[in-house]
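In what follows, every heavy atom counts, from backbone to side chain, and hydrogens, waters and symmetry copies are set aside. Starting from 1, each residue takes its place in the sequence as its number. From a predicted model like this one, the values you see are computed outputs, not experimental measurements.
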Amino acid sequence: MAPRSQEFMGNNTIQWLSARLAMQHWQYWALQLSGWGGYTLLTFVGSFFWVKDHWLHTGYIAVATASGVLLSEAMRRGFQKLWDKPPASRLFGSLVVVILAAVLWAAIKFGGSLWLYGKESDEHPALLAIYWFSYSFLILMTWAALYYGIKFYKASLLQQEKALRAESMAHQAQLKMLRYQLNPHFLFNTLNAISTLILDNEGRTANDMVTRLSQFLRHSLDNDPMQKVTLAKEVEALMLYLDIEKVRFADRLGVNLDLEGIHRGRWCPACCCSRWWKTRSSTASRSGSGAARWR
């Protein structure tokens, strides 16, 4: 029982972390803390080669890391305000933000070093200031480059997603437009054929045609062309369509429907056979041939 309980808790923890990391806010802080954690580890390991009092230096590293996290967060807020600016303004403003953050971070670390170890170096203060600023600027500039790189990558993915969604919507609109074009044209021809049958005193045939027409239109209206139906249901609708067309074309239309070896439970787009047959029959009519074979 205990192993199962532990496995259940482990799965819940993984699901919770996965749900949180799917959020953009959590992704940012996961990368932020991982990056600064790596900086802390490298700084701590490197200090073993020249630092005597490791415990004291560990406190200094913690202060440097904490201030770096806070300054990078301030940089992020500044970058967010600059994001919608023109490229030149965004570049110049981001550079100013990085320089200001680097100056503050260098001052914090340089002041902490002087407070902990005193002035043990013989280097000129100006050279030390340049060193601390360059070191801080390099790290924060790397952070800014990573931030903008990820930002532009996500913006590119969002644009691609919007383009795909727009293409999908255009495709759906095209399919629906084809459906709406089919029904009025087909309905006009069928009603004209029914009218001719009535004038020729073929009331029974006209009544059968009206029944098939109502069944076909019900199928056409009940099924969204963007949804899928089984092949058997689509073939049933096609046969209704063809029965109506046979009355119109009489001997000029011959159909041989061969579905041997085809699984009728297979899914296909609704009304696809009707659209296909409309194109096929129109082509046959123009070429002078009424017979068609569909396999």
Checklist line | Criterion side chain to side chain contact (heavy atoms under 4.5 Å, CB included) on Ile150 and Leu31, from CA distance to verdict | finding: CA-CA 11 Å; Ile150 295 173; Leu31 291 174; 3.8 Å; yes

Next item on the list: Say whether Ile99 and Leu91 are linked into one hydrophobic cluster, either directly or through other cluster members, by side-chain heavy-atom distances under 4.5 angstrom.
Entry: no

Margin query: According to a hydrophobic-cluster definition based on side-chain heavy atoms being under 4.5 Å apart (Ile, Leu, Val, Met, Phe, Trp, Tyr only), do Phe137 and Ile108 belong together?
Written below: no

Note to self: Testing the basics here: between Leu82 and Ser89, what is the closest heavy-atom pair and its distance to 0.1 Å?
What the structure shows: CD2-O, 4.5 Å

Next item on the list: Assert yes or no for the condition that the ring centre distance of Phe79 to Trp83 is strictly below 6.0 Å.
Entry: no

Item checked: OH/Tyr28: more than 12 non-hydrogen atoms of other groups inside 6.0 Å -> yes

Checklist line | Heavy-atom closest pair, residues Ala102 and Ser136 | finding: O-CB, 3.7 Å

Item checked: Taking every non-hydrogen atom, the tightest pair across Val69 and Gln32 -> O-NE2, 3.7 Å

Checklist line | Residue Phe152 excluded, over 12 heavy atoms near CZ under 6.0 Å | finding: yes

Checklist line | Atom of Ile198, atom of Ala206 and distance for their closest heavy-atom approach | finding: CG1-CB, 4.0 Å

Check: What residue among Trp132, Phe133, Tyr39 forms ring-ring contact (aromatic ring centres under 6.0 Å, His included) with Trp105?
Finding: Tyr39

Margin query: Tell me whether Ser67 contacts the main-chain N or O of Ala64 through its side chain, where contact means a donor paired with an acceptor under 3.5 Å.
Written below: yes

Checklist line | Min side-chain heavy-atom separation Arg204-Asp208 under 4.5 Å | finding: yes

Note to self: Quick one, Arg90 and Pro86 - any side-chain contact, counting heavy atoms below 4.5 Å?
What the structure shows: no

Next item on the list: Mark yes or no for whether Thr40, through its side chain, and Trp36, through its backbone, hold a donor-acceptor pair below 3.5 Å.
Entry: yes

Check: Once you round to the nearest 0.5 Å, how far does CZ of Arg212 lie from CG of Asn207?
Finding: 10.0 Å

Next item on the list: To the nearest 0.5 angstrom, please state how far the OG1 atom of Thr65 sits from the NZ atom of Lys109.
Entry: 9.0 Å

Check: Does the side chain of Ser72 come under 3.5 Å of the side chain of Tyr147 through a donor N or O and an acceptor N or O?
Finding: no

Notebook entry, point to check: Can you name the nearest heavy-atom pair linking Thr142 to Leu138, along with the distance?
Noted result: OG1-O, 2.8 Å

Next item on the list: Measure the spacing between OH of Tyr153 and OG of Ser156 and express it to the nearest 0.5 Å.
Entry: 8.0 Å

Margin query: More than 12 heavy atoms of other residues, nucleotides or ligands under 6.0 Å from NZ of Lys85: yes or no?
Written below: no

Next item on the list: Would you name the heavy atoms of Met75 and Leu140 that are closest together and state the gap between them?
Entry: CE-O, 3.7 Å

Next item on the list: Taking atom NZ of Lys154 as the centre, report whether more than 12 heavy atoms of other residues, nucleotides or ligands fall under 6.0 Å from it.
Entry: yes

